[in-house]
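Everything on this sheet refers to the single structure shown next.
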Amino acid sequence: MPLRIEDTFRDALAEQKQKGVAGRPLAGMWVCSGSPLIAELCAGSGLDWLLVDAEHSPNGLESILAQLQAIHGYPVHTLVRPPVNDTVVIKQYLDLGVQNLLVPMVNSVAEAEAAVAATRYPPQGVRGVGSALARAARWNRVPDYLARANSTISVTVQIESTAAVEAVEDILKVDGVDAVFVGPSDLAASMGLLGQQEHPEVRAAVEHCLSAAKAAGKPVGVNAFNPDTARHYLDHGTDFILVGADVAILARGSEALAAKYIKPAGGDAPASY
């Protein structure tokens, strides 16, 4: 039975751009727990996109596969971040059926080109051919997958260092880079401002990337959990944004319950008792 592949995040961003003033930035959240159940809960939230993370989260190939299966069928785009910009790792993710990659720590044109090459079959790139064995092609049930695989994959590269900011205009010119995403946390650290994502110099560096992407005509996103910061970057033209994480929501929510219902040692009972 012939099967079709879903539209990519690149397509979603292009659709929003075509809407002009009627469009809006795409809002998403991190999925870091490694749980397919939590991933499915998030997929039904009404958000535009999810980022399943394997750089700083306990995700391996099996858990990523399970989360892709859990999310499939919900009206949400799924990006997956590998732990490293590596040809073999990216090949494995693509064969699992990952269509939208967010590649971390891309600091130069050469690294951006390597990320793109890892997603392309020869002669355009270096992706290994295993479609008959892979979920990506639904085990060769997707017609002409090898010939049109490039159109089924989007590549977003992450700008999160001073070197990347300095090279962002050239990175944006790399053919096959569909979007850039700015990570203020690592960017702040690379600027000697560890933990100071709101620092004016960090904000200025982020805004430089936003302006560069606009000038290049490519979509740009940013990570911003602080609502005021998120609004700031939305007002400065970001096209897509991450505004929370499953693990952070659970951590803060459970802490709020503890604060509400547990009597402090030697203190007065909570007002809700």
Side-chain angles (χ1 to χ4, degrees), residues 9-10 12-14 16-17 23-32 42 45 47-53 55-57 76-82 85 100-107 111-112 115 154-172 174 177-191 193-249:
F9 194 57
R10 174 182 60 246
L13 291 168
Q16 290 302 97
K17 184 176 181 180
R24 58 169 178 76
L26 301 181
M29 68 177 289
W30 297 77
V31 179
C32 304
C42 296
S45 66
L47 288 165
D48 299 302
W49 64 291
L50 305 177
L51 176 61
V52 177
D53 181 48
E55 185 184 15
H56 294 295
S57 304
V76 64
H77 288 275
T78 307
L79 279 71
V80 180
R81 183 168 73 168
N85 182 7
N100 306 297
L101 286 167
L102 177 63
V103 182
M105 292 291 180
V106 173
N107 299 314
E111 291 176 2
S154 76
V155 178
T156 300
V157 300
Q158 195 158 359
I159 305 298
E160 45 187 339
S161 71
T162 54
V165 171
E166 291 170 1
V168 68
E169 286 89 354
D170 292 327
I171 290 172
L172 285 159
V174 173
V177 169
D178 297 304
V180 296
F181 183 80
V182 187
S185 294
D186 278 304
L187 177 56
S190 77
M191 297 172 69
L193 299 166
L194 181 64
Q196 300 181 59
Q197 296 92 301
E198 315 296 333
H199 193 284
E201 292 181 18
V202 178
R203 283 198 174 193
V206 175
E207 291 165 15
H208 171 76
C209 295
L210 298 181
S211 298
K214 292 301 177 185
K218 284 191 176 180
V220 57
V222 67
N223 189 61
F225 284 14
N226 181 303
D228 291 336
T229 303
R231 177 50 55 192
H232 175 81
Y233 291 137
L234 289 167
D235 291 343
H236 279 72
T238 189
D239 298 295
F240 56 108
I241 192 166
L242 287 172
V243 293
D246 56 349
V247 291
I249 291 169

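A quick note: this is a predicted structure, and the numbers were derived from the prediction, not measured. Numbering of residues begins at 1 and proceeds along the displayed sequence.
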Tell me, do [X] and [Y] make a side-chain contact under 4.5 Å, heavy atoms counted?
{"X": "Pro82", "Y": "Leu101", "result": "yes"}
{"X": "Gln196", "Y": "Val202", "result": "no"}
{"X": "Asp48", "Y": "Arg24", "result": "yes"}

Those residues that, when tested against [X], pass side chain to side chain donor-acceptor pair (under 3.5 Å) (two or more places apart):
{"X": "His56", "result": "none"}
{"X": "Asp53", "result": "Ser57, Arg81"}
{"X": "Gln197", "result": "Ser185"}
{"X": "Thr156", "result": "none"}

Set of side-chain contact (heavy atoms from CB on, under 4.5 Å) partners for [X], sequence neighbours left out:
{"X": "Ala164", "value": "Asn107, Ile159, Ser161"}
{"X": "Ala189", "value": "Leu194"}
{"X": "Val247", "value": "Cys32, Ser33, Ala245"}
{"X": "Arg203", "value": "Glu198, Glu207, Thr229, His232, Tyr233"}

For [X], all residues meeting salt bridge (Lys or Arg N to Asp or Glu O under 4.0 Å), sequence neighbours excluded:
{"X": "Asp235", "value": "Arg231"}
{"X": "Asp246", "value": "none"}
{"X": "Asp178", "value": "Arg10"}

Quick one: closest heavy-atom pair of [X] and [Y], and the distance?
{"X": "Val182", "Y": "Cys209", "value": "CG2-CB, 3.7 Å"}
{"X": "Pro104", "Y": "Glu55", "value": "CB-OE1, 3.5 Å"}
{"X": "Phe181", "Y": "Leu102", "value": "CB-CD1, 3.7 Å"}
{"X": "Leu13", "Y": "Pro219", "value": "CD1-CB, 3.8 Å"}
{"X": "Leu172", "Y": "Ala216", "value": "CB-CB, 4.0 Å"}
{"X": "Ala205", "Y": "Leu187", "value": "CB-CD2, 3.8 Å"}

Side-chain donor/acceptor of Ser190 to backbone N/O of Thr162, under 3.5 Å: yes
Verdict with supporting geometry, Glu169 and His208, side chain to side chain donor-acceptor pair (under 3.5 Å): CA-CA 10 Å; Glu169 286 89 354; His208 171 76; 3.0 Å; yes
Got a second to check how far [X]'s [atom1] is from [Y]'s [atom2], nearest 0.5 Å?
{"X": "Asp239", "Y": "Lys17", "atom1": "CG", "atom2": "NZ", "value": "8.0 Å"}
{"X": "Met105", "Y": "Gln158", "atom1": "CE", "atom2": "CD", "value": "7.5 Å"}
{"X": "Met29", "Y": "Leu242", "atom1": "CE", "atom2": "CG", "value": "9.5 Å"}
{"X": "Leu26", "Y": "Thr238", "atom1": "CG", "atom2": "OG1", "value": "9.5 Å"}
{"X": "Leu193", "Y": "His199", "atom1": "CG", "atom2": "NE2", "value": "5.0 Å"}

Residues which pass ring pair (Phe, Tyr, Trp, His ring centres under 6.0 Å) with Phe9, listed by chain and number, not counting sequence neighbours: Trp49, Phe240
